[in-house]
Number of protein chains: 2
Amino acid sequence: MTQVVEPELDRFERSRVDKFESRRGELADATLETLGELGFARTSLRVIAQRTAFSHGVLHYYFRDKVELITFCVRRYKEHCVTRYDEVVAQATDADELALMFADALVVTMQEDTAMHRLWYDMRAQAMFEPALRPTVADLDRQLEEMIWRVVKAYAVLGGRTTAVPSLTAYAVYDGLFENCLSRYLAGDEAASDQLREGAGWLITTVTKA
Amino acid sequence: MTQVVEPELDRFERSRVDKFESRRGELADATLETLGELGFARTSLRVIAQRTAFSHGVLHYYFRDKVELITFCVRRYKEHCVTRYDEVVAQATDADELALMFADALVVTMQEDTAMHRLWYDMRAQAMFEPALRPTVADLDRQLEEMIWRVVKAYAVLGGRTTAVPSLTAYAVYDGLFENCLSRYLAGDEAASDQLREGAGWLITTVTKA
DNA sequence: CCCCGTCCTTGACACCTGTCAAGAGTTTGT
DNA sequence: ACAAACTCTTGACAGGTGTCAAGGACGGGG
C-alpha cells in the first residue's frame, strides 16, 4: 500500500514544492534586482512587488517577513559569485597567464555586475549596525576569502612561489582595491578599470613571494 | 560715524552668529553620535533631537533639511580624522619606528573611534546609491588617500626606499585592511587588532620598495 | 513698560513602511 | 460538477518619516 501510494504523493508533493520554490526564486530575483538598484535602505516590499506581475501581498505568502526574504536573496546571490574565478584557476597554465586572467575577470565582473557588488558592500556596511545580518555576511565573507585564496595559492604553485600573508589579509587588500575601484567606476571614473587591473596584477605578486 | 557704529554692529553680529554656529555644532555632535550608533538608514531627526536638550523642531531652525544637517556633520567629522597620523609622521625618527607607530595608531583609532569609522563606511556605501552624497564622500576619500600617502612617503624617505604603487592603490589596500578588521572587531573577534597591526606592518613594506 | 526679534516647542500634514486578515480567483481531486 | 486546496489581491492597521506653520517663552532696546 505505502509502496504504491507514497511515490504518487511524493511526485505530487514534489511538483507542488517545486512550483512553490520556483516562484520564490522568481520573487527573489526581482528583489535582488531592486536591491541592487536602490540599495538596502530605500527598498520597500511594495516597490519590489511593483517589479513583478504580482501585488505586494504575495511577498508575505512566499516569505514570512522581510528578513526571510532578504536572507533568502543573499544566499541566492552568494551562489552566483562565490566560485566566479574557479574556472580562471582551472584554465590557466602558468602564473603570468593566471594573473592576467584573474585581473581581467575582476574588471569584467566590476563592469557587468556593478549593481550586485554595490549591494554587497551596502549589506556588509549594514551588518556593522544590525547584528542580525552578521552571520550571513560573515559566512559570505569567509567564502569570498576562500575564493581569493584559491587564486593566490594557484598563482603560487604555478610560479613556484609561496604565500606571504594569511588568507584573511590577502582577501582584505583585494577587497579594498575592488571596493575602491567600484566606487570610482560608479562615479564615472574611466580610469577605474585600469586601476583595478594594474592593482590586481601588482597585488598577486606581493601576497606571494619567491 | 561709520567708524563708531559699524564695529559695534560687527561685534554684535559676530556674537549672534557665533552663538548660532555654536548651537549648530552642538546639534551636529548629537547627530554624529546618533549616526555612529544607529547608522544612516535608522537615524531619524526625532531620535537625534531626543539626544539633545531640545525638541525635534529645532533641527529645522538650524538646518534647512536633513541633507544639509548630514553634510554639515560629515565635514565636521572630516576635520577630526584627516590629519590623524600626521604627528606620527612628525615624531618618528626612523622607518621601523614609523611603521610601528603607524600600525599602533591604526589599532587605537579602530578601537576608540569604532562608531565613527563604521559610520564612514556606511556613508560611503550609501554614496554608491545616492549621487547627492558622492561629492562629499569623494572629497573625504581623497583627503584620506593623501593622509595615507604622507605616511607612506615618510616611510620611504626614512628607509631610503621609493614608493611602489600610486597613492590611490596604497590607500585602497590600507582601507580594505582597515575595514575588514573593523568589521571583525565589531563582531567581537579578539584577533582583529593584531591582524590589523601585522597587516599594516606588512603593507608599508610592500607599497614601497628598496 | 512694552515691543520686537530670536529661540524653541507643539501639533499637525501627507506620505511611506511592514504586516496581516478577509476574501476573491484559479486549479485540482474526486 | 462539486468541493477543497492553493494562489493571489485588496484594503486596512498602527506606527514611523521629513517638513512646516502657528505660536509660546525669553531677553534686550525703545
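Heavy atoms only: backbone and side chains are in, while hydrogens, waters and symmetry mates are out. Chain identifiers are assigned alphabetically (A, B, ...) following the order of the sequence lines, protein sequences preceding nucleic acid strands; residue numbering begins at 1 within each chain.
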Assess the side chains of B:Q195 and B:D189: does a donor N or O sit below 3.5 Å from an acceptor N or O? no
note: B:R42, atom CZ; C:dC16, atom C1'; distance rounded to Å ~ 17 Å
Between C1' of C:dC16 and CG of A:L45, the distance in whole Å: 12 Å
Of the options C:dC20, D:dT19, C:dT9, whose atoms approach the side-chain atoms of A:H60 most closely? C:dC20
Rounded to the nearest Å, what distance is computed from the CZ atom of residue A:R64 to the P atom of nucleotide C:dG18? 16 Å
Are A:R75 and A:E79 ion-paired here, with the side-chain N under 4.0 Å from a carboxylate O? no
Looking for any heavy atom pair under 4.0 Å, which part of the strands does A:Y62 touch: base, sugar-phosphate only, or nothing? sugar-phosphate
Find the distance B:L59:CG to C:dC7:P and express it as a whole number of Å. 15 Å
Rounded distance (Å) that lies between atom C1' of D:dT7 and atom CZ of A:F63: 15 Å
Are A:R24 and A:F72 in a cation-pi setup, meaning NZ or CZ lies under 6.0 angstrom from the ring centre and within 45 degrees of the ring axis? yes
Taking any heavy-atom pair under 4.0 Å as a contact, classify B:A49: base, sugar-phosphate, or nothing. nothing
Closest of D:dC6, D:dG11, C:dC7 to the A:H56 side chain is D:dG11
From CD of A:E21 over to P of D:dT7, roughly how many Å is that when rounded to an integer? 11 Å
When all nucleic acid strands are considered with a 4.0 Å heavy-atom cut-off, which category describes A:A53: base, sugar-phosphate, or nothing? sugar-phosphate
For atom CZ of B:F20 and atom P of C:dG5, their distance in whole Å: 17 Å
Relative to the 5' end of DNA chain C, which residue comes earlier, A:V67 or B:V58, by the nucleotide with the nearest heavy atom? B:V58
Looking only at side-chain atoms of A:K66, point me to the closest of C:dT19, D:dG18, C:dT6. C:dT19
To the nearest angstrom, the NZ-P distance between A:K19 and D:dA5 comes to 17 Å
Looking only at the side chain of B:Y61 (C-beta and beyond, no hydrogens), which of the listed nucleotides C:dT6, C:dT9, D:dT17 gets closest? C:dT6
Does a side-chain N or O from B:S44 land closer than 4.0 Å to OP1 or OP2 of D:dG16, or not? no
Regarding the side chain of B:R46, the nearest nucleotide among D:dG18, C:dT9, C:dC7 is D:dG18
Strictly under 6.0 Å, is that where the ring centroids of A:Y121 and B:F129 end up? no
Could you check whether A:E26 and A:T52, counting side-chain N and O atoms only, form a donor-acceptor pair closer than 3.5 Å? no
